[in-house]
Amino acid sequence: QVQLVESGGGSVQAGGSLRLSCAASRLTGRWMCMGWFRRFPGKGREAVATIYTGGGSTYYDDFVRGRFTISYDNAKNMLYLQMNNLKPEDTAMYYCAATIRGSSCGGPVKEDGFDYWGQGTQVTVSS
């Protein structure tokens, strides 16, 4: 089955930037909806951004729109999340997710719309 491995998390001061990467392997060869979620302590995973690998259409949560950019490199099977102007409220565990269900890319984007998950990478933003 599809395997996802995140990297690129870390600690940064408010206003700084980080780029998360997700290496995808054992893909089915079909177009997929891929996304980034985050989990705050004591809560479920919330959608940050999604991208449909077949056409590049994207979705962003209102809180990150204009600061974060999701992208996918089809040749390398790599998913990215460029995070700029980070805020302390962005502190969370970030997860890469994927599904063959293209409809999962449309709003509202929910955790149960995705079938494959990475282990997560921590992002900590200090004020």
Side-chain angles (χ1 to χ4, degrees):
Q1 66 178 24
V2 174
Q3 292 186 337
L4 304 171
V5 179
E6 304 98 334
S7 61
S11 297
V12 65
Q13 290 191 325
S17 298
L18 284 173
R19 188 175 83 154
L20 304 183
S21 300
C22 174
S25 59
R26 300 184 181 180
L27 298 177
T28 63
R30 301 169 63 175
W31 300 122
M32 304 187 77
C33 175
M34 302 193 71
W36 291 97
F37 285 71
R38 60 187 179 184
R39 188 200 300 269
F40 300 107
K43 296 188 177 181
R45 285 182 283 211
E46 302 176 356
V48 174
T50 66
I51 186 166
Y52 183 61
T53 65
S57 59
T58 58
Y59 157 89
Y60 293 95
D61 176 76
D62 288 342
F63 190 71
V64 308
R65 187 175 292 114
R67 299 188 297 123
F68 292 9
T69 302
I70 189 171
S71 60
Y72 185 74
D73 186 328
N74 275 294
K76 298 180 179 179
N77 293 331
M78 291 289 296
L79 179 71
Y80 302 101
L81 184 69
Q82 178 66 42
M83 304 185 294
N84 297 328
N85 190 22
L86 282 160
K87 305 175 185 296
E89 305 92 282
D90 294 315
T91 295
M93 183 71 78
Y94 284 71
Y95 297 88
C96 173
T99 179
I100 62 173
R101 293 176 281 166
S103 59
S104 295
C105 268
V109 176
K110 297 183 178 180
E111 182 178 359
D112 60 6
F114 290 78
D115 304 300
Y116 307 105
W117 295 88
Q119 293 301 307
T121 185
Q122 178 67 37
V123 171
T124 302
V125 184
S126 58
S127 58

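- Nearest heavy-atom pair across Val123 and Leu20 is CG2-CD2, 4.0 Å.
- Contact between Arg65 and Asp62 at its shortest, heavy atoms only, is NH1-OD1, 2.6 Å.
- Smallest separation of non-hydrogen atoms from Gln122 and Ala92: NE2-O, 3.3 Å.
- Residues satisfying the salt bridge (charged side-chain N to carboxylate O under 4.0 Å, His left out) test with Glu111, not counting sequence neighbours, are Arg45.
- Counting only distance, with no hydrogens or angles, the side chain of Ser104 and the backbone of Gly113 share a donor-acceptor pair below 3.5 Å.
- Residues passing the ring pair (Phe, Tyr, Trp, His ring centres under 6.0 Å) test with Trp117 are Phe37, sequence neighbours excluded.
- The backbone N or O of Cys96 lies less than 3.5 Å from a partner atom in the side chain of Glu6, making a donor-acceptor pair.
- The same ILVMFWY cluster, assembled from side-chain heavy atoms under 4.5 Å apart, contains both Val12 and Val64.
- For Lys87 and Asp90, the salt-bridge test fails: no basic side-chain N is under 4.0 Å from an acidic carboxylate O.
- With values rounded to the nearest 0.5 angstrom, Met83 atom CE is found 12.0 Å from Asn85 atom CG.
- Atom OH in Tyr72 sits 4.0 Å away from atom CG in Asn77 (nearest 0.5 Å).
- Remark: Lys110 NZ is loosely packed, at most 12 non-hydrogen atoms of other residues, nucleotides or ligands lying under 6.0 Å away.
- Proximity of Trp36 to Tyr95: side-chain heavy atoms (C-beta onward) are nowhere separated by under 4.5 Å.
- Arg38 places no side-chain N or O within 3.5 Å of a backbone atom of Ala47 that could act as its donor or acceptor partner.
- Under the 4.5 Å side-chain heavy-atom criterion for ILVMFWY residues, no single connected hydrophobic cluster contains both Met93 and Leu86.
- One hydrophobic cluster holds both Leu81 and Val2 under the rule that ILVMFWY side chains link at heavy-atom gaps under 4.5 Å.
- Under the 4.5 Å side-chain heavy-atom criterion for grouping Ile, Leu, Val, Met, Phe, Trp and Tyr, Ile100 is connected to Leu4 within one hydrophobic cluster.
- How far OG1 of Thr121 is from OH of Tyr94: 10.5 Å, rounded to the nearest 0.5 Å.
- Taken from CZ in Phe114 to CE in Met34, the straight-line distance is 9.0 Å, to the nearest 0.5 Å.
- Contact record, Ser126 with Pro88: C-CG, 4.4 Å, taken as the closest heavy-atom pair.
- Note that CG of Asn74 is 10.5 Å distant from CG of Leu79, once rounded to the nearest 0.5 Å.
- Here CG of Asn84 is found 8.5 Å from CZ of Phe68. Values are rounded to the nearest 0.5 Å.
- Tyr80 carries Arg19 over the face of its six-membered ring, with the cationic atom under 6.0 Å from the centre and within 45° of the normal.
- Of all non-hydrogen atoms in Asp115 and Arg101, the two that sit nearest each other are OD1-NH2, 2.9 Å.
- The main-chain N or O of Ile70 is found under 3.5 Å from a side-chain atom of Tyr60 such that the two form a donor-acceptor pair.
- When every heavy atom of Gly10 is checked against every heavy atom of Leu18, the shortest pair comes out as O-CD1, 3.9 Å.
- Between Ser21 and Met78, the closest side-chain pair of non-hydrogen atoms falls below 4.5 Å.
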